[in-house]
Participant: 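Structure below; questions to follow.
Letters A, B, ... are given to chains in the order of the sequence lines, protein chains preceding strands, and every chain is numbered from 1.
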Amino acid sequence: MYKKPILTLVAIIIAAGIPVRADTEFFACSESGSGPNYFKVCVSDTGNVTLLESPKGQEHIRVPPIADPYVQSLHWGLQNSMEGFHVCRWPEWGGPSFAYSFDFGSYHPDAGQRGSGLADLGWEAPHRIDRPSGAGKFPLTVYRKTHLCYDFEGVWPPAPCFELKQEFSVDTAKRELAITMTLYSRVKWSQRNVSLVRVVDLDVDKTDLDDRAAFTGRSLIQFDGGPEACGDIGWPPEYKCSGGRRDAVSLTGLTPNYRLEVVDYRFLFDLEQLCDGYDGLGFLRTDEPRLTALAYRFGDLPPGASRTVKFVYRAY
Amino acid sequence: MLRIAKIFIFPSTLALLALAPWAQQPAAAAVEPLSSPAYKCWTSGSGATYIQICISKHGNVVLLKAPTPTGAIDEGYVACLKTPAGAAASYYDAGSTQSGWAEPYKVTDAPVIYRKTTDGKLELTQSFSRDAEKRDFLITMTLYNRSGKTLYDVRLDRYFGLKDDPNVFNLSPRAVFAWDEPAFSKFVTMTELTATSYDTAVHTSGGWIKNACHQTTEPTPTAPGNWAGRISHNFGTMAAGASKTIKVLYRLQ
């Protein structure tokens, strides 16, 4: 007898756009080991990696923005504390330009970009979160939907273009964070040229400008810099390198079924290039801030289809 | 005359040698290095996802292929110690050459490989497991002091060298990295997972001292060429009967 009013109330709340939950930066964390084997990683309730620390005291993602207006302008102020995902497709009216839905994190308090439309765009708040081992612990599964899609005829009611399920698990023994991402097409027409991209701004050992990166067809590995990479391009002293054995972090695509591209940006951050392909190959010795990404290219996604891929972060 | 002297001197020399304390142990049969053939291989995938890893019966990695082979690989281990009297000794097996290790006395299907040094001071067990999805290969090594006495400055190094392609080597405090440049078709890493006292190093192929532990590193990253990398574990003092376990992980990325 009370069912109808309750359902109506729920419908009103949903229609009013009341957020399911506020962003939580450290929604699940894992901390293990000591000394050289220390490994800590955190993920937000939005499915962004917000902290990656290994060994103790050496952070690689949650790093404050470089206090240099010139560097910030090159990166639209987003170059630090970034980790997230980007889904591309040709819009309903056709290509070759892409429509985007992305969430790059930017959770660091100094970044100040969250909710600005520069760091995240096109995703609803999570509508479901699973934590079978309890609050604050891995494994963690986050479900999100994109904003609504419309087909050519404007058929009503519209549906989200995509739903994304992200499963996070930690292998403390190997110092790894694995992310299994399943992208579901939620519309009744075929979506064209779909890509699922994992994006990260690695600042190994809290610095970016001295880092170097190497790439293979399925991995990017970024090292903190050595003396050869430093000292001759006029960056401030705090960005000089100290040499020796330096920490490293890698991001690897583990799924063989789909075309995988490693994308590297020096200075410029280009949403379009994340979608249509730009291979950054080689061992980059230059001292430039960079953003890196692994992009799975699915091609066209039939109605209701899904694609699952797996990524892994590793600390060395 | 000379011939007669040899006949008389030789048996008497042998008799004297037999009285020496270190001669009381049975003479060890010659042990051949086993860079080939492979004793056990793990294979999975096809095309770009193909991966094959092979080991010898001595526990050397003799093939890394993902999907193209790394080229000729020398891979293995060296253990070093000092006796209470201060005498230093080393025992190594680098695949293509080896010295100081007896043939494994037991090899299980898993496989776990059990070996002792020819002088009986050390025993080494090696076990292996592969994760096909992550393209990694875990080697767990346990070193036992079987000498009956305390041993000092005990070390156990794991190392590998690549010879055919020009490879760049680099180091982190916890890992050795190698990739073929400029092709960038394969990336091999060797990572220490559990120990707390260890070091990483890179050597030129010609300057790689396989029967020594804790060899000094060359500057890194290297230029493309033939190099070898190692992780050197420092076990320090080991009481009689004590053991130490370390885990080394190879990844093909």
Participant: Which atoms of B:K186 come close to chain A, meaning under 4.5 Å heavy atom to heavy atom: side chain ones, backbone ones, both, or neither?
Facilitator: backbone
Participant: Do A:R245 and B:T217 get their side chains close enough for a donor-acceptor pair, meaning under 3.5 Å?
Facilitator: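 No.
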Participant: Shorter than 4.5 Å, heavy atoms on both sides: which option in B:L249, B:T196, B:T200 has the most such pairs with chain A?
Facilitator: B:T200
Participant: Inspect the surroundings of NZ in B:K82 and state if more than 12 heavy atoms from other residues, nucleotides or ligands are less than 6.0 Å away.
Facilitator: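 Incorrect, the count does not exceed 12.
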Participant: What part of B:T194 is in contact with chain A, defined as an atom under 4.5 angstrom from a non-hydrogen atom: side chain, backbone, both or neither?
Facilitator: backbone
Participant: If I measure from the heavy atoms of chain B, does A:S54 come under 4.5 Å with its side chain, its backbone, both, or neither?
Facilitator: both
Participant: Would you find more than 12 non-hydrogen atoms of other residues, nucleotides or ligands less than 6.0 Å from B:K40 atom NZ?
Facilitator: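 Enclosed: over 12 neighbouring heavy atoms sit under 6.0 Å from NZ of B:K40.
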Participant: Answer whether the closest heavy-atom distance between the side chains of B:L193 and A:K174 falls below 4.5 Å.
Facilitator: yes
Participant: Using heavy-atom distances under 4.5 Å, tell me whether A:S250 contacts chain B through its side chain, its backbone, both, or neither.
Facilitator: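 Looking at A:S250, just its side chain touches chain B.
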Participant: Chain B contacts: which residues in residues 307-316 of chain A have a non-hydrogen atom closer than 4.5 Å to it?
Facilitator: A:K310, A:R314, A:A315, A:Y316
Participant: Is a donor on one side and an acceptor on the other found under 3.5 Å between the side chain of A:N37 and the backbone of B:A195?
Facilitator: yes
Participant: Can you confirm whether A:R175 sits close enough to B:T191 that some side-chain heavy atom of one is under 4.5 Å from a side-chain heavy atom of the other?
Facilitator: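 Counting from C-beta outward, A:R175 and B:T191 do come under 4.5 Å.
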